[in-house]
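Some notes on the structure that comes next.
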Amino acid sequence: MSEEAWIEEYSEKELKFIEEIQKIEIEEAEAVLKKYPLPTLQKNGIALVNLRLSSIRTGFGGKTVIELERDPAFSNSDTLPANSFSPGDVVRLNQGGGKSDIRASKSVGKNSKQTDPSTEGVITRVQEKSVSIALNLEEDAPPMAEGLSIVKLANRITYERMKDTMIEWRKNLPQYRMPLFYTLTGKKEANTNLAEDMINELTFYNNELNDSQKKAVRFSLGVQELALIHGPPGTGKTHTLVEVIRQLVAKGKRVLVCGASNLSVDNIVDRISHYGIPMVRLGHPARLLPSVLNHSLDVISRSGDFGEVVNGISEDIDTELNKIRKTKSGKERREIYKHVRELRKDYRRYEAQNVSGCLRKSSIVFCTLHGAGSRQLRNETFDVVIIDEASQALEAQCWIPLLGAKKAILAGDHMQLSPNVQTKKPYLSMFERLLKIQGDKVKCFLNVQYRMHELINKFPSDTFYDGKLIPAPEVAKRVLMDLPYVEETELTDAPIYFYDTDGNYQEDDPKDMGTSLYRDSKSNKWEAQIVCHHVTELLGAGLKEEDMAIVTPYNAQVALIRSMLKLRGIEIEMGSVDRVQGREKEAIIFSLVRSNDFREVGFLAEKKRLNVAITRPKRHLCVVGDGNTVKWTSDFFQRWMNFLEGEAIVLEVEPSILE
Ligand SMILES: Nc1ncnc2c1ncn2[C@@H]1O[C@H](COP(=O)(O)OP(=O)(O)OP(=O)(O)O)[C@@H](O)[C@H]1O
């Protein structure tokens, strides 16, 4: 097959896939918005109603950023209701606030009129009393001052970037990038010869790296196209990547470091920032950890050659925009807008010069996969692209930075959850696909974990990592009572506990879920009570709230346990398994929820989901579930139940536990 035909076929397949999943996600999000009234959406944290405008200003890129607060005409409190909005969420802003506006799904394009009652934007900041949104349309009239509401939408921007990447491929894939491209798409076998000049006389900056980490560093530096670093939970992927990056920079290489999430990127920025390497973090400052803000492009470029000019123009724009709010004359408004448009042009020109100056000086650029598609990076090239958490990203997301790469280093663990996409076939991340097509010769395995007690480590190691994952000696024997503030009790002296409800406490009937947004999810009030009891006992033994997390496969169960704990005045981190990937706690309580006569475990059935849940704890794992339902669903679950019955402390469900 010719080069052109190969690229065409590959990109076409990816494009179709992106369109398919985009359609499903958007349809699902829209269906929820149509099905439920605004108060229910607000109760479930995906809408805020009865807001009013509190300020307007100019943000990065010259965008209009509005701040909204609760309208005192509708509420005695100025604190926003509990919500799940966070920076980066795409929202629809409705003016006039009524139900019908929400239901009229409007896609806001370049030509939309200013009279459109709804417009889209991206959340830049969420505070206790206000929420800020960067509006997508630069020419937007400021919204009406009152009667505003926002609802969360599916994130179209991410999909559009993925599609743009695929389209860009076909037009513009330079010859020098073809070897990597062919290796990544499987048209050729990976070249695994190591470049001597990269690994000769290698001295490690971090001498505490274990042997498997050192091997991974050496391989990643020497290999010419592709390295996959397979790091099971707690094995120091980030540690290893930090060493790889420092070594690459020392050899004069320019590196683009990306991650599937802002947090994964910031974790690396945090650890590299002490070494005095010129670097910059792209991304909206509101989405970054406070500790990395000084490295953000926004902050660095403001002190660049044209920083003061940009700041001055930004203030002028704000002054003009605030004048618009005060004037009623249409003619005057038009005049002011004309002026704002001129100012925005200047703003963008000077800002672009600042940004490119700042990027030119940086040996390392950090951003999310999606951020790698931003216009600031359009003309930048890198010797090496590193992707952390690669197994949690969509293939098309990984292609965004890889379009500009000659060599790629991907770190991840395909035995944990891949991206949550709703397709008929199981989804393979790029990381997993590459392991399949290129085999173990491109892989380095990190085999020592620094998180879990040896017994907690045992089942995941045997089941998911061929028995090769070993605990570091300093963590192998730790249990809760070894923490200086925890007492020795029968719940703190062992690593694994199991409340087997044994078919006696069945899951809740979906009919009882009423109009809850979670009525398609699952819950089990008995298990929720056992979880609350266990949490109370651990707190009584001295463990702190922040040492624990509750994990369950179902959002309805999360909501139920949260409400029960709230009544007891307890606030503990909790989430569905998918949300806690990448986290760790001293103690994890895992509620399985499913208990029925049909032996159905549904959502729980995915082995990788189980792996994520049971590899979060350091010293204490407590499983609450019905062994009888779970055991008979597959050989895999039977093995897990046998393991628990053999190795865990099995706890009785005393009637007094159940309220
Ligand atoms: N060689 C080492 N010696 C001692 N401790 C180490 C070593 N490598 C990693 N660690 C410790 O292991 C823990 C996990 O490290 P790190 O955050 O780099 O791992 P990770 O693989 O990125 O984590 P995750 O599994 O959450 O993705 C950290 O507390 C780190 O200090």
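As the structure is a prediction and not an experimental result, all values here were calculated from the model.
The line from CG of L202 to CD of E243 is 7.5 Å long, rounded to the nearest 0.5 Å. Distance CD/Q247 to CG/N206: 10.5 Å, rounded to 0.5 Å. To the nearest 0.5 Å, the span separating CG on L434 from CD on E395 amounts to 7.0 Å. To the nearest 0.5 angstrom, I570 atom CD1 is 12.0 Å from I561 atom CD1. Here the CD1 atom belonging to I550 is positioned 13.0 Å from the OG atom belonging to S576, to the nearest 0.5 angstrom. Annotation: the span from D635 atom CG to R639 atom CZ amounts to 7.0 Å, rounded to 0.5 Å.
Of the possible polar contacts, one joining the N524 side chain to the E527 backbone as a donor-acceptor pair under 3.5 Å is found. Between the side chain of K407 and the backbone N or O of V384, no donor-acceptor pair lies under 3.5 Å. The backbone N or O of M452 sits less than 3.5 Å from a side-chain atom of Q449, completing a donor-acceptor pair. Distance alone, capped at 3.5 Å, places no donor-acceptor pair between the S391 side chain and the G412 backbone. Put simply, the side chain of D547 gets close to the backbone of K544: a donor and an acceptor are under 3.5 Å apart. Using a distance-only test at 3.5 Å, with no hydrogens or angles considered, no donor-acceptor pair links the side chain of R619 to the main chain of L480. Checking side-chain atoms of Y554 against main-chain N and O of V593 turns up no donor-acceptor pair under 3.5 Å.
In this structure, I268 and D388 have side chains that are in contact, with non-hydrogen atoms separated by less than 4.5 Å. The closest side-chain heavy-atom distance from Q213 to N210 is below 4.5 Å. Taking 4.5 Å as the limit, every side-chain heavy atom of I614 sits out of range of all side-chain heavy atoms of I456. Y450 places none of its side-chain heavy atoms less than 4.5 Å from the side chain of T235. Side chains of T492 and E487 form no contact here, defined as non-hydrogen atoms less than 4.5 Å apart. Put simply, the side chain of S461 does not reach to within 4.5 Å of the side chain of K468, judged on heavy atoms. Side-chain contact between Q22 and I26: present, with at least one pair of heavy atoms (C-beta onward) separated by less than 4.5 Å. A heavy-atom distance below 4.5 Å is not found between the side chains of L592 and V624.
For K152, the salt bridge (Lys or Arg N to Asp or Glu O under 4.0 Å) partners two or more places apart in sequence, or in a different chain, are D89.
Looking only at atom types and distance, the side chain of D270 has a donor-acceptor partner in the side chain of S291 under 3.5 Å away. For the residue pair S212/N447, the side-chain donor-acceptor check at 3.5 Å is satisfied. At a cut-off of 3.5 Å, with distance as the only test, no side-chain donor of D626 or Y499 sits close to an acceptor on the other residue. Donor-acceptor pairing under 3.5 Å is recorded for the side chains of Q557 and S591. Of the N and O atoms on the side chains of Y465 and N457, not one donor lies less than 3.5 Å from an acceptor on the other residue. Between the side chains of Q392 and S418, not a single donor N or O lies within less than 3.5 Å of an accepting N or O.
Counting all heavy atoms, side chain and backbone alike, K214 lies closest to N207 at NZ-O, 3.9 Å. The heavy-atom pair separating P232 from F445 by the smallest distance is CG-CE1, 3.4 Å. Closest approach of A587 to L538, counting heavy atoms only: CB-CD1, 4.4 Å. The minimum heavy-atom distance between A190 and Q438, with the atom names listed, is N-OE1, 2.9 Å. Nearest heavy-atom pair across A613 and V577 is N-CG1, 3.9 Å. Scanning all heavy atoms of the two residues, the minimum distance from M548 to L539 falls at CE-CD2, 3.4 Å.
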Exercise. Please lay out, stage by stage, how T536 and R568 fare under the test side-chain hydrogen bond (donor to acceptor under 3.5 Å, both in side chains).
Key: CA-CA 9 Å; T536 314; R568 301 182 186 205; 3.0 Å; yes

Quiz prompt | Derivation of the side-chain hydrogen bond (donor to acceptor under 3.5 Å, both in side chains) call for E225 and T183 | solution = CA-CA 8 Å; E225 290 164 1; T183 301; 2.7 Å; yes

Exercise. Could you check L248 against I386 for side-chain contact (heavy atoms from CB on, under 4.5 Å), going step by step and ending with a plain yes or no?
Key: CA-CA 11 Å; L248 284 169; I386 295 181; 4.2 Å; yes

Quiz item: Could you go step by step and tell me if E189 and K441 meet the side-chain contact (heavy atoms from CB on, under 4.5 Å) rule?
Solution: CA-CA 10 Å; E189 211 179 304; K441 64 181 180 301; 3.4 Å; yes

Practice problem: Evaluate the criterion salt bridge (charged side-chain N to carboxylate O under 4.0 Å, His left out) for residue pair E573 and K585; output intermediate values, then yes/no. | Solution: CA-CA 10 Å; E573 208 178 311; K585 288 282 177 185; 3.1 Å; yes

Quiz prompt | Residue pair I229, L241: steps toward the side-chain contact (heavy atoms from CB on, under 4.5 Å) verdict | solution = CA-CA 9 Å; I229 301 180; L241 287 181; 3.9 Å; yes

Exercise. Start with the C-alpha gap between C444 and K215, add the side-chain angles, then the distance that decides, and say whether side-chain contact (heavy atoms from CB on, under 4.5 Å) holds.
Key: CA-CA 7 Å; C444 318; K215 212 165 143 193; 5.9 Å; no

Practice problem: Check the pair K23 / E27 against salt bridge (charged side-chain N to carboxylate O under 4.0 Å, His left out), numbers first and verdict last. | Solution: CA-CA 6 Å; K23 189 163 167 268; E27 279 173 5; 3.5 Å; yes

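Atom CG of D211 has 12 or fewer neighbouring heavy atoms from other residues, nucleotides or ligands inside a 6.0 Å radius. Heavy-atom neighbours of K43 NZ from other residues, nucleotides or ligands within 6.0 Å: at or below the threshold of 12. Other residues, nucleotides and ligands contribute more than 12 heavy atoms inside 6.0 Å of the CZ atom of R433. Crowding of Q638 atom CD: a count of heavy atoms from other residues, nucleotides or ligands under 6.0 Å exceeding 12. Other residues, nucleotides and ligands contribute over 12 non-hydrogen atoms within 6.0 Å of the CD atom of E645.
Checking each of F636, F498, F459, F637 against F643 for a ring-ring contact (aromatic ring centres under 6.0 Å, His included) leaves exactly one that passes, namely F459. In summary, of the residues considered (E454, E586, E474), a salt bridge (charged side-chain N to carboxylate O under 4.0 Å, His left out) with K618 occurs for E586 alone.
Between K608 and E432, at least one side-chain N (NZ, or NE/NH1/NH2) sits under 4.0 Å from a carboxylate O, which counts as a salt bridge. Between R451 and E584 there is a salt bridge, with a side-chain nitrogen of the basic residue lying less than 4.0 Å from a carboxylate oxygen of the acidic one.
Between F590 and W640, the ring planes are tilted. Angles from 30° to 60° get that label. In this structure, H414 and H230 have tilted ring planes: the angle between them lies in the 30° to 60° band.
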